[in-house]
Amino acid sequence: RKQHSASEFDAIVIGAGFSGLYMLYRLRELGLSTRVYEAGEGVGGTWYWNRYPGARCDTPSIHYSYSFSPDLEQEWEWPEKYPTQPEILRYLNHVADRFDLRRDIQFSTRVISAVYDNSTNRWTIQTHQGDQASARYCITAIGCLSAPNTPTFQGLDSFQGQVHHTARWPSEGVDFTGKQVGIIGTGSTGIQAIPQIVKQADHVTVFQRTPNYSIPARNRPLTSEEKASVKANYRKLRQTDRESPAGITLNFHRQSALEVTPEERQKKFDEAWAVGGTQMLSTFSDLDTNLEANTYLADFVRSKIATIVHNSERAKLLMPHDHPIGSKRICVDTEYYETYNRENVSLVDVRISPIEAITPTGLRTHNGEYKLDMIVFATGFDAMTGSLFKIDIRGKDGQALKEKWAGGPRTYLGLMTAGFPNLFIITGPGSPSVLSNMVVSIEQHVEWITDCMKYMLEHNFARLEPHVEAEASWVAHVNEVAHLTLYPLANSWYLGANIPGKLRVFMPYVGGVGNYRKKCQEIAEKGYEGFAFC
Ligand code: NA7
């Protein structure tokens with residue numbers, strides 16, 4: 001093989017989280033020289049940055065792990081049903097060491113641009129330190145919830161206390177002892193962090209814009225019998241995860257919520273509530289497609305809020321009414337609603353009393369000022385396109401990705417976009433990733449990309465990009481299936497609705513992980529139908 005100089009590689013991977021680590025592993029197997037650039041000081045991606053108190057994955061640990069190495073599966077022990085952030089970070093560090101991945105990763109390096117040159121068929125990346133490197137392939141493994149969203153409140157710079165965003169949490173932690181803390185945001189993150197922060201702080205004021213539906217996690221240690229059974233059955237479990245709609249083996253019920261008596265419905269909901277977690281949404285077959293069925297479940301969760309929260313006015317403020325349950329990412333909590341029975345928590349509905357400004361000593365809403373020592377932003381992310389647009393990505397003839405996607409993201413299978421040859425996107429818009437068990441989707445993406453590169457090597461192809469027509473029909477398909485569901489009825493980050501001025505386009509593919517995998521496979525088997533090689 002051709003010898004490259006220090007800054008010339010066969011492949012450049014941006015990001016060293018779940019995606020980047022596995023991509024590197026596979027590229028090495030293909031014999032491709034690879035450099036991974038990672039902005040953090042260590043591996044982990046999402047699990048490196050999101051260190052806020054209570055951070056935990058809402059997919060059970062036995063499903064939220066790599067399947068590519070049976071030895072790794074056998075040697076790693078997950079202590080609890082749901083893994084904590086430190087536990088997942090430990091796991092990813094273990095993976096990096098076990099497969100000797102660090103030697104190809106350059107840490108503390110943020111890629112600021114990636115530019116394709118038509119004449120050389122190479123991508124050149126530039127880092128914030130001014131490093132430059134080039135490669136035939138460029139693979140973004142930058143995550144789809146990794147560009148934090150901090151609303152631009154007037155006066156934010158004048159605040160004299162500490163300000164933290166949950167997605168940029170200091171590694172040394174934050175001491176809330178004796179503090180008056182304001183938390184803005186009640187999505188999955190706020191719902192995890194609030195019950196933890198109130199235990200330490202003197203007082204917490206939660207500024208809620210949209211109440212969310214949250215299901216108890218019912219987290220617990222895994223028993224030794226459970227651990228042994230999973231280890232004995234991993235192959236089967238992985239297979240069913242891969243073929244399932246959401247990348248996780250659940251008991252999907254085929255029955256409509258409208259076919260059963262109110263008593264039967266209540267019984268099913270009670271049982272699912274007792275088990276906890278996101279599988280609440282699979283108790284009936286039509287909860288995500290039929291508004292009447294969905295309303296039964298939404299009513300059930302509202303009734304639970306009314307039971308748990310003692311103050312009825314507060315309970316009402318916490319009840320979501322503006323969107324169907326599941327049309328925004330469902331939250332999974334540990335004692336979230338119970339937290340509102342504490343003395344040291346206040347709840348402010350910022351739709352009734354909008355935030356007007358941050359002041360030097362606190363936060364002012366329409367109804368008055370709240371004195372605060374600290375403000376925590378749990379305000380989420382510029383999802384899916386935000387992380388890609390932070391890098392100046394330019395394809396053929398200097399076209400910017402941001403320009404090409406001005407009318408919404410356009411991909412073929414979520415993996416590539418026309419006019420940007422040899423640029424692969426992991427967990428991109430148009431893929432089912434954010435609606436699934438991420439690790440299952442990531443492994444599928446990485447394996448598909450690896451197979452595609454292998455095909456190129458075998459056929460002596462140097463360049464690949466999707467046909468515009470194939471891309472257009474995929475974009476139409478993504479849109480069409482989204483509109484068969486209740487998802488478009490919510491102002492969610494799936495639609496970009498959380499970011500002021502962002503175009504409202506439903507970005508993920510809701511057709512299901514199993515179906516998507518089949519489609520990707522069929523396309524590969526037909527000699528990568530819809531792609532042009534040369
Ligand atoms: P989310 O789910 O986007 O939640 C962000 C929260 O912040 C949500 O309650 C927002 O209210 C609120 N928010 C955002 N901007 C503002 C402003 N300007 N004023 C007041 N409140 C605001 O992010 P998370 O980090 O919780 O979770 C993201 C994903 O990570 C999650 O879905 C899992 O997949 C993992 P809104 O609902 O927009 O009215």
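As the structure lists them, so they are numbered: ligands from 1, and atoms in each ligand from 1. Hydrogens, waters and symmetry mates play no part in the numbers below; they use all other heavy atoms, side chains included.
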(message) Tell me if the aromatic rings of Phe424 and His445 count as close, with their centers under 6.0 Å from one another.
(response) no

(message) Is the terminal nitrogen or CZ of Arg302 (NZ for Lys, CZ for Arg) located under 6.0 angstrom from the six-membered ring centre of Phe300 and within 45° of that ring's axis?
(response) no

(message) Tell me the protein heavy atom at minimum distance from atom 17 (C) of ligand 1, and give that distance in Å.
(response) Arg209 NH1, 3.4 Å

(message) Among all protein heavy atoms in this structure, tell me which lies nearest to atom 9 (O) of ligand 1, with the distance rounded to 0.1 Å.
(response) Thr186 N, 2.9 Å

(request) Record the part of Pro151 in heavy-atom contact with ligand 1 below 4.0 Å; permitted values are side chain, backbone, both and neither. (result) side chain

(request) Provide, to 0.1 Å, the distance between atom 36 (P) of ligand 1 and the closest protein heavy atom, together with that atom's residue and name. (result) Thr210 OG1, 3.4 Å

(request) Examine Arg410 relative to Trp405 and say whether NZ or CZ is less than 6.0 Å from the centre of the six-membered ring and inside a 45° cone about the ring axis. (result) no

(message) Can you confirm, on distance only, whether ligand 1 has an N/O atom lying under 3.5 Å from any N/O atom belonging to Asn498?
(response) no

(request) Among all protein heavy atoms, pick the one closest to atom 5 (C) of ligand 1 and tell me residue, atom and distance. (result) Ala378 O, 3.4 Å

(request) Only heavy atoms count here, so choose which of Asp382, Leu145, Asp58 is nearest to atom 30 (O) of ligand 1. (result) Leu145

(request) Say whether Asn367 and Thr365, considering side chains only, have a donor N or O and an acceptor N or O under 3.5 Å apart. (result) no

(request) Report the part of Ile184 in contact with ligand 1, treating N, CA, C, O as backbone and CB onward as side chain, heavy atoms under 4.0 Å; options are side chain, backbone, both, neither. (result) side chain

(request) For ligand 1, find out whether one of its N or O atoms is nearer than 3.5 Å to an N or O atom of Trp493. (result) yes

(message) One thing to verify: whether Asp382 and Lys390 come together as a salt bridge, which I'm taking to mean a side-chain N less than 4.0 angstrom from a carboxylate O.
(response) no

(message) A side-chain contact here means heavy atoms from C-beta on lying under 4.5 Å apart; do Ile194 and Thr186 qualify?
(response) yes

(request) With atom 19 (N) of ligand 1 as the reference point, say which of Phe381, Phe153, Phe207 has the nearest heavy atom. (result) Phe153

(request) Just need the protein heavy atom nearest to atom 23 (O) of ligand 1, so name the residue and atom and give the distance. (result) Gly380 CA, 3.1 Å

(request) Please check if any side-chain donor atom of His164 sits under 3.5 Å from a side-chain acceptor atom of Tyr52, or the reverse. (result) no

(request) Write out the residue and atom name of the closest protein heavy atom to atom 31 (C) of ligand 1, then the distance separating them to 0.1 Å. (result) Ser188 OG, 3.5 Å

(request) Give the residue, atom name and distance (to 0.1 Å) of the protein heavy atom nearest atom 27 (O) of ligand 1. (result) Thr189 OG1, 3.7 Å

(message) Taking a cutoff of less than 4.0 Å between a non-hydrogen atom of the residue and any ligand atom, is Phe377 in contact with ligand 1?
(response) no

(message) Which residue and atom name correspond to the protein heavy atom nearest atom 4 (O) of ligand 1, and how close is it?
(response) Gly187 CA, 3.5 Å

(message) Measuring from atom 7 (O) of ligand 1, which candidate in Gly190, Ala383, Gly185 has the nearest non-hydrogen atom?
(response) Gly185

(request) Consider only side-chain N and O atoms of Lys81 and Ser61, and report whether a donor and an acceptor are under 3.5 Å apart. (result) no

(request) Report yes or no: does a heavy atom of Lys328 sit under 4.0 Å from some atom of ligand 1? (result) yes

(message) Testing the 3.5 Å rule here: is there a donor-acceptor pair between the side chains of Ser67 and Arg242?
(response) yes

(request) Identify the residue among Val95, Val439, Val446, Ile426 that makes a side-chain contact (heavy atoms from CB on, under 4.5 Å) with Phe18. (result) Val439

(message) Can a side-chain donor-acceptor contact be found between Glu369 and Thr359 if the only test is distance below 3.5 angstrom?
(response) yes

